[in-house]
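The sequence lines fix the lettering, A, B, ..., with proteins before strands; numbering per chain opens at 1.
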Amino acid sequence: MVKYIIIDTETTGLNIINDKPFLIQYGLVDENLQLTQTTLFDPTTDIKERQYFENLLQIIPTIVGHNIKFDIHMLINAGFKQSYFVDKNYIDTAVMARLVVNHDEQADKTFLVGLKKLAVRYLGINSADEEHKLKVELSHLNSVHKQKMKDHFIAKGLWNMSLSRTEETKEINQIYNSWNKYYHLYAHLAKERGLFLKANPAPTYADVSNVRAYALTDIKLTHGLFKLWYQKLVSIRQDDTLKRVSAAVWPLIIMERKGMSVDLKRVLDDRNKLLAELAVCKIIDPRNGEEIKIGQHAKLKELYEYESGMSLIGADKHVRNEIQHLSASAKIADYISNMNKYMTTYITGILNKMVPVGNEFKVFTDYNLAGTITGRLSGDFQQFPKEPLELKTGDKINIRSWFIVPNNDKYMFYFDYSQLELRLQCEWTNIVCGEPDLNMARAFSPYKCMKIGDKFYLEEDLNTEWKPVDLHGLTTKHAFPGIDETHPDWDHYRKLGKMTNFAVNYGASAPKIQEALKVDYDTALALVNGYKKAFPGVVAFKKWVGNRVWSADHIPNLFFRRYYSRNRHQLQNWLVQGSGADLLLLKLREVFNYIRNRPHWNFLITVHDEIGFTCTDIPEAQLRQEVNEIKELMSYSMSAVDVLADVEYTTTTWADKESWK
DNA sequence: AGCGAGCCGTAC
DNA sequence: GACGTACGGCTCGCTG
């Protein structure tokens with residue numbers, strides 16, 4: 001009897017919306033986890049096979065795959081109905097790896113969750129040769145295509161025939177491989193390049209002759225991992241976590257397919273501003289007049305050392321900041337570095353990803369369900385700068401302003417958990433000590449307070465009214481006795497306390513505090529001790545983790561995802577961060593179940609502690625009610641403090657979001 | 001030319 | 001062991 005279907009696809013590329021599968025492979029697996037059948041077919045031509053597969057999709061409840069979300073996108077792009085996938089069970093073998101493999105082994109940099117890598121490591125199967133052959137052939141097809149493009153320009157009389165061989169190679173590479181970065185240099189080729197690509201699409205794996213010969217290998221590898229790990233996963237009781245991840249698969253797929261709408265004009269305007277400024281800002285070595293590029297760190301370090309007369313540890317922004325007054329190059333490099341980052345990572349990056357959809361331009365990401373040890377989602381939308389970049393011309397480049405409300409929507413909403421990890425840390429102190437850390441708890445709620453009228457008073461001192469504890473101020477006061485809010489430099493001291501709180505929560509000790517805060521060792525030590533006095537519960541938690549790693553082979557997080565590790569230092573963070581990750585996964589499904597019958601709401605984005613939505617223009621009373629209901633759904637009660645979402649919204653751009661009242 | 005390590009800068 | 005988790009771009013050196 002067929003219990004599972006393993007699915008894999010070969011596609012024209014990696015874009016989850018634009019690309020399509022030219023081969024679909026599947027394997028059928030029975031209740032004993034035996035692979036009973038493997039099949040591959042072309043969904044556009046093998047109609048009988050396609051119908052058979054479509055029938056299987058409807059009757060088999062569990063889909064297995066390696067990075068299964070991607071293959072579901074491809075099935076949708078091939079025309080299979082979305083309704084087949086909404087309530088399926090998903091077993092992703094990459095996620096299984098994260099749940100089953102010892103976590104100290106995973107922390108090793110050589111551990112990767114790619115199918116081929118896992119197959120080598122855990123199945124002893126090396127299919128590198130097969131993959132290599134495919135890559136070589138595609139690479140060859142691309143070279144031919146590139147040459148053909150150059151020939152096209154030559155035929156049209158647009159190519160500069162006096163270039164040296166080196167210059168020629170550089171130019172055609174820029175035009176062919178990095179067009180979005182360099183197109184401003186080749187305006188005369190833009191039209192013909194577009195026409196050429198339309199008539200001669202770039203080759204894809206669909207054009208590689210021997211794909212079919214190797215296509216079933218991945219099904220066998222995926223089955224191998226599934227069979228190897230499934231019983232173990234159940235026996236170590238990670239199956240509930242697998243189900244939690246599985247339930248988030250469909251919500252993430254529809255979020256990914258919504259994409260983010262881009263204001264292309266604004267992106268291009270900002271690109272022009274940056275180009276103009278970059279053209280007049282150069283780092284020139286005064287000794288020889290040669291230009292050094294911002295990425296040439298070794299050369300820059302040497303130049304900074306020459307100019308400052310100091311021995312430096314690197315060439316990053318901290319180093320530059322130290323020597324700005326001594327090195328003119330460091331000062332200009334600071335400015336260029338910012339602009340370069342925006343230009344390469346964000347502008348070129350977004351142009352590379354952008355696809356026209358109707359009369360909009362959109363970018364799509366895919367969230368990686370197996371990208372982290374802790375269980376966090378990862379993805380490339382997690383790092384858009386919050387603060388605008390100010391140019392010397394007075395212009396401001398604000399990346400979040402490029403992302404606008406989609407055409408048919410009216411709002412973008414952002415439900416953001418407030419101080420998520422601190423609240424989870426507080427819950428851990430309660431689990432470990434039997435009661436929460438008093439100061440932490442009272443930062444978020446009137447814990448152990450008595451309500452008199454509509455005010456709260458501390459149980460141990462009914463004359464003192466409760467107000468939320470200032471966590472950063474508390475560390476500061478313990479570190480610097482005698483200094484409080486009345487001190488003229490309070491803001492400065494509190495900043496040190498705040499930085500210490502974050503660093504110590506991540507596991508920092510005095511030497512790193514000293515380095516990061518640029519204070520002397522005694523001050524760093526005082527700050528760390530200030531933290532310890534302020535939050536004795538957290539100190540107890542760290543100690544508990546240290547004991548537990550030797551008294552048991554694993555520690556479960558607040559949602560019972562287990563970490564098999566003896567690394568106290570990393571675990572203290574994994575237990576907090578991973579609990580946040582699991583809460584988010586859980587809530588993604590709960591909120592999906594709420595909006596699935598309210599199609600005016602759509603998922604837009606998620607970044608570790610927030611979920612973004614779009615909403616169409618619905619009556620205000622209904623909107624207010626539903627926002628409250630989503631907020632309520634997202635909240636999570638714990639013993640002493642709750643996790644709550646703040647709500648922000650915009651009707652224009654991401655950069656302009658404001659509090660929802 | 002392709003690839004990987006190392007550096008840098010951004011997010012939570 | 002000693003500041004956690006990520007991603008993307010660039011340069012440089014190695015390889016064939």
Side-chain angles (χ1 to χ4, degrees), chain A residues 98 103-104 106-107 109-110 112 132 135-136 138-140 142-143 146 169-170 173 177-178 181 292-301 313-320 333-334 336-350 352-353 365-368 370-387 389 399-400 416-422 425 499-517 524 528 542 546 563 566-581 584 605-610:
Chain A
R98 291 294 186 187
H103 295 85
D104 291 331
Q106 293 188 42
K109 289 289 172 221
T110 63
L112 298 164
H132 184 67
K135 278 193 175 165
V136 166
L138 182 60
S139 172
H140 176 70
N142 271 315
S143 305
K146 180 159 68 178
T169 304
K170 185 181 155 197
N173 281 342
N177 299 319
S178 310
K181 186 174 174 186
I292 303 178
K293 287 194 279 179
I294 194 67
Q296 295 178 288
H297 309 120
K299 284 186 180 161
L300 284 173
K301 177 168 168 261
I313 52 164
D316 69 7
K317 63 178 176 184
H318 299 109
V319 168
R320 290 197 302 260
D334 227 39
I336 294 176
S337 168
N338 273 325
M339 290 193 290
N340 204 59
K341 175 76 174 170
Y342 274 57
M343 196 68 189
T344 56
T345 302
Y346 301 113
I347 293 191
T348 305
I350 281 171
N352 281 341
K353 288 173 82 83
T365 190
D366 38 332
Y367 295 96
N368 190 347
T372 67
I373 290 182
T374 57
R376 260 195 184 177
L377 298 169
S378 67
D380 64 354
F381 281 7
Q382 72 184 29
Q383 56 204 14
F384 291 121
K386 295 174 73 167
E387 299 302 325
L389 169 64
I399 289 175
R400 296 192 178 200
D416 184 317
Y417 283 125
S418 161
Q419 311 253 51
L420 173 63
E421 290 193 355
L422 276 176
Q425 177 70 78
M499 289 167 81
T500 300
N501 279 352
F502 278 103
V504 174
N505 281 339
Y506 288 146
S509 42
K512 276 290 175 187
I513 302 285
Q514 179 185 2
E515 187 188 324
L517 276 58
V528 172
K542 290 182 185 183
Y563 302 107
R566 297 207 185 283
N567 191 325
R568 179 207 68 79
H569 184 247
Q570 282 180 303
L571 265 169
Q572 91 180 44
N573 177 258
W574 291 354
L575 292 169
V576 174
Q577 185 188 115
S579 298
L584 192 85
I605 189 173
T606 179
V607 191
H608 310 313
D609 64 359
E610 71 178 79

Counting only side-chain heavy atoms from C-beta out, which of [options] sits nearest to [X]?
X	options	value
Ser139(A)	dG9(B), dG2(B), dG1(C)	dG2(B)
Lys341(A)	dC12(C), dG8(C), dT5(C)	dG8(C)
Pro385(A)	dA11(B), dC3(C), dC7(C)	dA11(B)
Thr344(A)	dC3(C), dC10(C), dA11(B)	dC10(C)

Base, sugar-phosphate, or nothing: which does [X] touch, judged by heavy atoms less than 4.0 Å apart?
X	answer
Arg320(A)	sugar-phosphate
Thr169(A)	sugar-phosphate
Gln577(A)	base
Phe381(A)	nothing
Arg400(A)	sugar-phosphate
Ile373(A)	sugar-phosphate
His297(A)	base
Ala315(A)	sugar-phosphate
Gly379(A)	sugar-phosphate

* To do: Please lay out, stage by stage, how His103(A) and Trp574(A) fare under the test side-chain contact (heavy atoms from CB on, under 4.5 Å).
  => CA-CA 10 Å; His103(A) 295 85; Trp574(A) 291 354; 3.8 Å; yes
* State whether the side chain of Thr348(A) and the backbone N or O of Met343(A) hold a donor-acceptor pair below 3.5 Å, judged by distance alone. =>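 Answer holds: yes.
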Any [X] side-chain N or O less than 4.0 Å from OP1/OP2 of [N]:
X	N	value
Lys293(A)	dT11(C)	yes
His608(A)	dA6(C)	no
Ser509(A)	dC3(C)	yes
Ser337(A)	dC8(B)	no
Gln572(A)	dA2(C)	no
Gln382(A)	dT10(B)	no
Ser378(A)	dC7(C)	yes
Asn338(A)	dT10(B)	yes
Trp574(A)	dG4(C)	no

In whole Å, what is the span from the [atom1] atom of [X] to the [atom2] atom of [N]?
X	N	atom1	atom2	value
Asn567(A)	dT5(C)	CG	P	9 Å
Gln383(A)	dG8(C)	CD	C1'	6 Å
Tyr342(A)	dG9(B)	OH	C1'	10 Å
Ile347(A)	dC10(C)	CD1	P	13 Å
Glu610(A)	dC12(B)	CD	P	7 Å
Leu571(A)	dG1(C)	CG	P	17 Å
Asn177(A)	dG2(B)	CG	C1'	12 Å
Lys299(A)	dC7(B)	NZ	C1'	16 Å

* Which residue lies more 5' along DNA chain C, comparing Gly507(A) with Tyr346(A) via nearest heavy atoms -> Gly507(A)
* To do: Hey, which sits more toward the 5' end of DNA chain C by its nearest nucleotide, Lys181(A) or Lys109(A)?
  =>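 Between the two, 5'-proximity favours Lys109(A).
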* Report the relative orientation of the aromatic rings in Phe384(A) and Tyr346(A); use parallel for angles under 30°, tilted for 30 to 60°, perpendicular for over 60°. => tilted
* Asked: Do Arg320(A) and Ser337(A) have side-chain heavy atoms sitting under 4.5 Å apart?
  -> yes
* Does a donor on one side chain and an acceptor on the other come within less than 3.5 Å for Lys146(A) and Asn173(A)? ->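 Indeed, the side chains of Lys146(A) and Asn173(A) share at least one donor-acceptor pair under 3.5 Å.
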* In Å, rounded to the nearest 0.5 Å, how long is the span from CG of Leu377(A) to OH of Tyr367(A)? ->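 It comes to 8.0 Å.
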* Asked: If you measure from CD on Gln577(A) to CG on Leu571(A), what distance do you get to the nearest 0.5 Å?
  ->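 Going from CD on Gln577(A) over to CG on Leu571(A), the span is 12.0 Å.
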